[in-house]
Amino acid sequence: MAIAGELTVPCGQISSKIPTFDFKSHISGVPMIYCSGGKLKSRISTGVRAVLQVGVEAAESVGKVEGALGFDVVSEEELREKGFLGMRKTKLVCTIGPACSSLEDLERLALGGMNVARLNMCHNSRKWHLDVIRKIKKLNEEKGFCVSVMIDTEGSQIHVVDHGAPSSVKVEEGSFWLFTTKKFEGSRPFTVQANHSGFSEGIEVGDELVIDGGMASFEVIEKIGNDLKCKCTDSGLFLPCAKFSFWRDGKLVERNYKLPTLSRKDWADINFGIAEGVDFIAMSFVNDADAVRNLKDYISTKSSISIRVLAKMESLESLQKLGEIVEASDGLMIARGDLGVEIPLEKIPAVQEEITYVCRQMNKPVIVASQLLESMVEFPTPTRAEVADVSEAVRQYADALMLSGESAIGSHGQKALSVLRMASNRMETWSRQENRQSMLHHRKLGVSLPDRIAEQICDCAAEMANNLGVDAIFVYTKHGQMASLLSRNRPCSPIFAFTNDRSTRMALNLQWGVIPLFVDLTDDMEANIVKSIDLMKAEGLVREGDAVLVVSDITPTAARSTAFQSIQVKTIS
C-alpha cells in the first residue's frame, strides 16, 4: 500500500556527476517529503529524471516469518524500555583486569552496556587473556550479548618503568629512588626497573622525570652509569608499568630511539589475537602510517576474518602525522594519559577535539580514553569535573568512551560504567534538542563513482531522517561501509545495521549510533527488508505507525530491485 508515488531509476541511468540533494528545494520527478508536526506529508513534483529513487511505502506483512533476529539482549531491552530515541549512541569500552575477569563480573559489565572488552597485553599472562576471551565468547553465544574483543599491544616499552609490585605504590615527597636498567625478579625497596637500556641517554642532572603525566615527579640528582638516582619532588601514586618522560626547562626532552613500533612480544600477541579471532587490535606508540599499513597487510595474510587495526595517539610524533595515520588505520584511540606525558596538560582538550574532528571527517571511529573517571578507581562516585569531561567527549561526538583502571583494577567498575552510560544518554539528549547535527560538515571521501554514490545517499538519508523525524534507520550491509557513513552524520535516529557477516557485526560495535544485527540476508533486498521488519514486529520491537528509513549497499541479483542505491521510507502497518 503506497502512501506516496514512487519513481525508480535503473542504476545504468545514474549520471556520472552526482548532484547535491537539497531537501529544502525541489527534486524533479521525485516525491518531496516534508515534516510538519511530526506528520509525514508528500507532494509529487513533475519533471524529468533523478539520480536516486526515494519511495515512501507502508511495510506489509507477508505471512509467517522464518529465521531469527540477531538482536543483542542489551539493545533489545533498551529499545523496549526507552523507545528508539532513548537508545544510547555513544559506545562504551571496558578494560578487563583482575577486578572484573570472572564470568559473573563480565556478564555484569555486558548488562551494564559494555560494547567492547579491551585486553591490555602489558599485563597478565597469555593464558589469562585466553581465559577472558573464551568467557566473553561464551557470554555472547549463550546469553545473547554482542561484546567485541580488543587486544592492546604493549609496544616497544621504551617509555615504561616498573617498580615490580602487583599494585600501585605510594611515593612520598623527599624520598630517594634508583631507576635502573638492571633486571631482577619481584620488587626492591625504592628501586624501579627501566625497560630500555638507553633510557637515560642524553639526560642531565637537574632534569625532571615525570611519571604518567604527573602522577608523581622526580628530580635527577645523580647519574650512575646507565642508572639514575632521583629525589621525589611531587608525591603521588606509582602504578605498575608506568609511562615516564623527561623535561628540561619546561620542555620535553625529545629522543629518537629508532626502535620498531612492534616488538617481538607484540608480534606474538598479535598472532595470539588472530588465532583467537579478536575483533580489534590497538597499536601502541604508533608514530607513522607505515607501521599501521604493515600490520594490516600482515593480518590480511594470516586471518580469515576481518580484524580492524586501531592506532593509539600517545606521542608528539604521532600528532605531527595525524592525517596519514588516521587514513591508514581503521580507527583511533586518544590515549590522553600518555599524550599528557609528552605535551603540556593545557593542550590536551584542544588536541582531543582536533583528533575527534579529523576522525569524523575521514569516517574513522575514535575512542576517547584514559582518566575519564580516574577517581572511581578508589571512590564510588566521580568528581563533577570528571562527569563534565565525559560529557564534553560525548558533545564532541566521539564514537566511544573507555574505562581503563576504573574497570580493570578499581573497586567500583560497575558504577563507573553506569556513570558513563548515564552521562552519555543525557548529553546525547541535549545535543539532539539543540539540533547540533546541523552544524556538522564533512569532507567528501569517495573517489570512484560507486563510493561517491554511497556517500551521497548516506549524507542525504541522514538529513532526510532528521527532517522527517523517522523512528529508525535500517541499513543492509555486507562490510559495514554504508552503516559507517550514516554514523558519520550523527543522525537523531538509531541506525540498525543488518548484516550476514559476523566480523562486520562486531566491528560496527564501535560505531556511534549503530546497533548491528546478525541476520540471514539474500540477494533479494526487497525480501530482506520485509523479512527483517516482520521479525521486529513479531518481537514487538516496532509498532504500527513507526516510520523507518531504509538504505542498502548489498548488490541485488534482480535488475529492477528498488532497494539498491535508493532511499526508502516505510511506515509500519
Side-chain angles (χ1 to χ4, degrees), residues 68 70-74 91-97 100-101 103 106-107 109-110 114-154 262 265-284 292 294-312 329-331 333 365 367 400 402 477-481 483-484 497-511 514-521:
F71 228 127
D72 74 277
V73 293
V74 177
K91 300 306 179 75
L92 305 179
V93 182
C94 295
T95 300
I96 308 304
C100 61
S101 59
L103 187 65
L106 290 170
E107 183 172 358
L109 287 175
M114 174 177 65
N115 301 107
V116 180
R118 169 184 175 252
L119 298 174
N120 188 346
M121 304 307 287
C122 288
H123 307 291
N124 303 304
S125 66
R126 198 164 292 148
K127 181 180 178 181
W128 184 90
H129 290 297
L130 174 62
D131 181 60
V132 172
I133 292 173
R134 298 283 171 85
K135 288 174 181 175
I136 292 170
K137 291 188 174 183
K138 178 183 175 71
L139 289 171
N140 286 344
E141 292 169 5
E142 297 182 1
K143 297 296 183 74
F145 295 112
C146 181
V147 177
S148 301
V149 176
M150 174 197 301
I151 64 170
D152 195 328
T153 65
E154 187 175 277
L262 295 170
K265 179 181 182 301
D266 290 332
W267 285 112
D269 289 338
I270 287 166
N271 286 328
F272 163 76
I274 292 172
E276 291 305 315
V278 301
D279 306 296
F280 301 96
I281 296 177
M283 288 184 70
S284 296
V292 178
N294 290 340
L295 177 55
K296 291 178 70 174
D297 290 343
Y298 179 80
I299 292 173
S300 68
T301 65
K302 298 291 184 179
S303 176
S304 59
I305 63 171
S306 179
I307 299 176
R308 272 57 175 187
V309 175
L310 307 180
K312 293 176 66 178
S329 68
D330 297 313
M333 181 190 296
I367 305 169
M402 190 179 96
T477 180
K478 175 67 175 177
H479 302 295
Q481 179 65 6
S484 179
F498 298 88
T499 182
N500 58 357
D501 186 277
R502 292 187 184 277
S503 63
T504 296
R505 184 195 188 193
M506 304 312 283
L508 290 174
N509 254 342
L510 204 54
Q511 297 276 355
V514 177
I515 299 94
L517 295 88
F518 183 77
V519 293
D520 291 326
L521 297 177

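In this text the structure is predicted, and so the values were computed from the model without any measurement.
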Minimum heavy-atom distance between Ser101 and Lys135, given as atom pair plus value: O-NZ, 3.0 Å

Sequence-distant partners of Lys302, salt bridge (charged side-chain N to carboxylate O under 4.0 Å, His left out), two or more places apart: none

Closest approach of Cys100 to Thr95 (non-hydrogen atoms, all atoms of both residues): SG-O, 3.8 Å

Side chain proximity check, Leu109 to Val147, heavy atoms < 4.5 angstrom: no

Minimal non-hydrogen separation, Lys137 against Gly277, with atom names: NZ-O, 3.8 Å

Side chain Ser148, main chain Val116, donor-acceptor under 3.5 Å: no

Check: Leu510 and Leu310 side chains under 4.5 Å, non-hydrogen atoms: yes

Salt bridge flag under 4.0 Å for residues Lys127 and Asp131: no

Pairwise distance CG(Asn509) to OG1(Thr504) - rounded to 0.5 angstrom: 12.0 Å

Reported NE2-to-CD distance for the pair His123 and Glu154, which is rounded to 0.5 angstrom: 8.5 Å

Closest contact, heavy atoms only, Ser306 versus Ser503: O-CB, 3.7 Å

Heavy-atom check, side chain of Met114 versus side chain of Leu92, under 4.5 Å: no

Gap between atom CG of Asp152 and atom CZ of Arg118 - 0.5 Å precision: 4.0 Å

Reported NZ-to-OG1 distance for the pair Lys312 and Thr153, which is rounded to 0.5 angstrom: 7.0 Å

Passing candidate, side chain to side chain contact (heavy atoms under 4.5 Å, CB included) with Phe498, options Val519, Ile515, Thr477: Val519

Qualifying residues under salt bridge (charged side-chain N to carboxylate O under 4.0 Å, His left out), relative to Asp279, sequence neighbours excluded: none

Charged N-O contact under 4.0 Å between Arg134 and Glu276: yes

Straight-line distance of Leu106 CG to Lys143 NZ, nearest 0.5 Å: 11.5 Å

Donor-acceptor contact present, side-chain Thr301 to main-chain Tyr298, <3.5 Å: yes

Of Val278, Leu119, Ile367, Ile281, the residue whose pairing with Met150 passes side chain to side chain contact (heavy atoms under 4.5 Å, CB included): Ile367

Reported CG-to-CD1 distance for the pair Leu262 and Ile270, which is rounded to 0.5 angstrom: 4.5 Å

For Arg505, all residues meeting salt bridge (charged side-chain N to carboxylate O under 4.0 Å, His left out), sequence neighbours excluded: none

Close side-chain approach of Phe145 to Asp72, heavy-atom, < 4.5 Å: no

Flag, side chain of Lys265 to backbone of Met121, donor-acceptor distance under 3.5 Å: yes

Pairwise side-chain contact, Val309 with Met283, heavy-atom cut-off 4.5 Å (strictly under): yes

Closest approach of Pro516 to Leu508 (non-hydrogen atoms, all atoms of both residues): CB-CB, 3.9 Å

